[in-house]
Novice: 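This structure is in structure tokens; I'll ask about it shortly.
We name chains A, B, ... by the order of the sequence lines, and we start the count at 1 in each one.
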Amino acid sequence: MSYLKMAQRNLWRNKRRTAITISSIFFAILLAIVMRSFQLGSYSLMIRNAIEQYYGHIRVQHPDYADDPSLENTFEYDERLLENISMIPNVKTVTSRLETFALASSGNITKGVLVLGIEPESEKRFSNPEHFLVRYRLTQDALDRLEKINALTAQTREVILAYLGESFTNSAKLVRIFEDEQVSADELYRVLDATKVKGRFLREADSGVVISSRLATYLNVSIGDSLIMLSQGYQGASAAGVFPILGIIRIPNPDLDSRMVYMPLALAQNFTYSPNRIAYFAINLYNTSDEMQKATTYSIQVRIADNELEVKTWQNLNRVLVQQIESDNQSGKAFLFLLYIVVFFGIYGTVIMMVHERMHEFGVLVAVGMNKLRLALTVVLEMLIMAFIGIALGYLVGLPVIHYYQIHPIRLTGEMAKMMMDMGFEPLMPMAPFGAYVVWQGVSILVMVMLACLYPIRKIIRFKVVDAIKR
Amino acid sequence: MAIIEVVNVDKIYNDSDVKVVALSGINLMIEQGEFTAIVGPSGSGKTTLLNLLGGLDTPTNGKIRVGDVWLNEMKGSKLIDFRLRNIGFVFQSYNLIPVLTAGENVELIMQLQGVPAMQRKQVAAEMLSKVGLADRVSSRPAKLSGGQQQRVAVARALASRPKFILADEPTANLDGKSAESLLQIMEHLNRTEGVTFIFSTHDQRVVSRARRVILLEDGKIKSDFAQ
Ligand SMILES: Nc1ncnc2c1ncn2[C@@H]1O[C@H](COP(=O)(O)OP(=O)(O)O)[C@@H](O)[C@H]1O
Ligand SMILES: [Mg+2]
């Protein structure tokens, strides 16, 4: 009769209690890893949207640029330095940019914008803005055109009105807003035709700009229109220019989408009288784990040692995003903590009942010669078996779920989706892949079970045989 | 030398407000091979005395020797181990571990003693047949009658090869016939194998089978005679 077998029979003895305990552990693990996976997945989506697709994991810039991002704190472009940095194994892409603030106006509307001077080809590899090129826009003009030829049913018109001002990067996304309506193919075709936008992305020698979709809507401009831009150039020179709009892109980040103007780097340098100057190298990494990022930061530091430059990580530069993630992460952890407290008290209750039911039996065992330590171990063994089964089942069900939804992210629909799209995010709920967080959930449950085990251990060490037998 | 020697033992329960003198001035010798009944009305101190003899509790005053060891000189796991190797116990009821079969219950004590598995199985079967339960080796306690359960408890006590077996009212929860058969088995083991039994009872029929009767009243030995 091994202790394992005895433990197994004891668990079998009160099947209901065992089943309840195991399933509470199972559900806790399942809930914890799925919830955590969603949470971490949403962080990496946030980071991908905000950092990888625009900001860059790491930037190399003038030491004063972080505090005062003006043209005075830009630096002389250095081809060899850029090549050196791109040779670091973990560096995926590097691109150089010039950034400045400007006023953009069209007609009598003016807005402050962010001018981003980019190298079109390397920017495509870096943040691929071309990917967000707008193909369809639901503008007032388009609506007027459609109404003029009486092409719309009332229903379709209503949908268009609800989405007026929206931009779409492909026809599928536009068609999706009519998803739940009864719209004929003919009508759809006419809508697509009337809302089509013929923009393109920048080329190196262009003397025009590509602007973000919300900005285009705000300024009420379209492809072929021109923007008048005013700014202050390098060393106080005043800068002005007229730039035709070549394309419109829809940037996922709503803030950026409302104020972005892309220019070829050379044009931006011209416009601001800062020839051959750039604000920073933006760098994206392959592996973004903390350790790898640290190691790469160090490699870059070594290579820029001769220049008056510094390396900043996105965490350095994006305190807001970091704090946002951090605080959300904290509340997620707090929820998990509560969950585990609940599980703990569940298990604790079970243990108390179990110990009380078996006190007489414990008394007999110690009377006839079972060491109390050994007795305590058999009870702990029972608890651990339940914990392991519950945890294993939780993983068995939870891991495939995470895996599946990591590969096929949940695509939100309805109000929720619209809300996310309004904020400029893809309406996706991706899950994080397997990681340390999965292991931690199991460890936490084990800790809870161990803590609950303190009760029987204490009870067993303290009880008096004569009292136990009397019961 | 007597296997048990009780010297000037008092047991006073002090844990509630009222002080209860459960035993007072007990002096007692028990020899190898005895078949002794401790009798007396309920509350006279029988259980208390047996618990002290078995090292389950400690006297307030006085001391008790078992074999060549004074019990008060041992504590904790050392005392538990001493019980394991020297004293057999049969309690009034619920002696057995419910998840173990009769055979496993008997084996358990040998397992604790470190007896190898093969030998355990053999001895367990042998002990169970001594108490007339050879065919119930793999029955769980719940499937056994009260009398059968007590006989398994006797087999378990025997299997540990103790110096003596303490049985606190082993027949109290049994019907007349079962009580009779349990006593017969105990008596037989005593006669043929020299197993020392010390049991308490207030059942007159059981008393009549004992060869020595110690009468307790209000925690004192009122009489002690052979019959
Ligand atoms: N743990 C205890 N605390 C207080 N008094 C006790 C305790 N155990 C037994 N007693 C008292 O000690 C006396 C003897 O009890 P006990 O040995 O159980 O008698 P018996 O077994 O002969 O019925 C009784 O008066 C009983 O109430
Ligand atoms: Mg009693």
Side-chain angles (χ1 to χ4, degrees), chain A residues 1-19 21 350 353-383 385-386 456-471, chain B residues 11 13 15 22 47-52 54-58 76-101 103-114 117 120-121 124 138 140-142 153 156-157 159-160 162 165-166 168:
Chain A
M1 191 70 212
S2 68
Y3 289 109
L4 199 66
K5 219 157 136 195
M6 191 157 150
Q8 182 199 323
R9 286 199 204 161
N10 270 319
L11 293 175
W12 206 240
R13 168 174 171 185
N14 198 330
K15 296 187 198 67
R16 222 168 71 106
R17 185 163 63 203
T18 304
T21 309
T350 312
M353 282 197 296
M354 185 256 265
V355 166
H356 280 252
E357 268 171 34
R358 277 161 64 183
M359 215 55 220
H360 176 84
E361 187 181 321
F362 292 167
V364 170
L365 282 168
V366 175
V368 302
M370 185 183 260
N371 199 298
K372 282 187 167 187
L373 193 66
R374 189 172 269 184
L375 176 59
L377 283 178
T378 63
V379 174
V380 169
L381 187 63
E382 284 172 34
M383 303 293 295
I385 290 174
M386 289 197 283
I457 291 174
R458 213 178 98 106
K459 200 81 186 165
I460 285 170
I461 287 171
R462 293 200 166 181
F463 83 89
K464 289 180 98 172
V465 177
V466 283
D467 296 332
I469 288 168
K470 242 191 291 183
R471 297 214 220 158
Chain B
K11 179 68 183 179
Y13 289 111
D15 35 40
T47 299
T48 305
L49 180 57
L50 286 175
N51 285 345
L52 292 182
L56 298 178
D57 207 350
T58 48
S77 57
K78 219 171 150 203
L79 183 58
I80 294 175
D81 199 59
F82 181 80
R83 288 202 296 267
L84 173 66
R85 295 177 193 286
N86 297 282
I87 308 172
F89 290 91
V90 177
F91 302 103
Q92 191 172 323
S93 55
Y94 303 112
N95 272 287
L96 306 180
I97 305 308
V99 296
L100 302 182
T101 63
E104 288 161 349
N105 262 287
V106 177
E107 272 189 57
L108 177 66
I109 208 156
M110 291 185 278
Q111 188 174 356
L112 294 173
Q113 286 177 329
R120 288 199 311 251
K121 280 225 147 36
S138 29
R140 294 274 180 98
R156 178 182 67 189
S160 67
I165 295 176
L166 298 172
D168 189 12

Novice: Which heavy-atom pair separates A367(A) from F89(B) by the least distance, and what is that distance?
Specialist: O-CE1, 3.3 Å

Novice: Tell me if the CZ atom of R458(A) is crowded by more than 12 foreign heavy atoms within 6.0 Å.
Specialist: no

Novice: With chain B, which of N371(A), V368(A), V465(A), L373(A) has the greatest number of heavy-atom pairs at distances under 4.5 Å?
Specialist: V368(A)

Novice: OG of S93(B) to NE2 of H360(A): how many Å apart, nearest 0.5 Å?
Specialist: 6.0 Å

Novice: Rounded to the nearest 0.5 Å, what separation is found between the NZ atom of K470(A) and the CG atom of D168(B)?
Specialist: 11.5 Å

Novice: Find out whether L56(B) and I469(A) are in side-chain contact, i.e. whether some heavy atom of one side chain is under 4.5 Å from a heavy atom of the other.
Specialist: yes

Novice: Tell me the closest heavy-atom pair linking R83(B) and V366(A), and the distance in Å.
Specialist: NH2-O, 2.8 Å

Novice: Between chain A and each of G54(B), S160(B), P98(B), count heavy-atom pairs under 4.5 Å; write down the option with the most.
Specialist: P98(B)

Novice: Given that the side chain runs from C-beta out, which part of R85(B) has a heavy atom under 4.5 Å from chain A: side chain, backbone, both or neither?
Specialist: neither

Novice: In terms of heavy-atom proximity below 4.5 Å to chain A, should L112(B) be classed as side chain, backbone, both, or neither?
Specialist: both

Novice: First locate atom CG of D57(B), then atom CG of D467(A), and finally report the distance between them rounded to the nearest 0.5 Å.
Specialist: 8.0 Å

Novice: With a 4.5 angstrom heavy-atom cut-off, which part of D81(B) approaches chain A: side chain, backbone, both or neither?
Specialist: neither

Novice: Using non-hydrogen atoms and a 4.5 Å limit, figure out which bit of R358(A) sits close to chain B: side chain, backbone, both or neither.
Specialist: neither

Novice: With a 4.5 Å cut-off on side-chain heavy atoms, are I97(B) and R9(A) touching?
Specialist: no

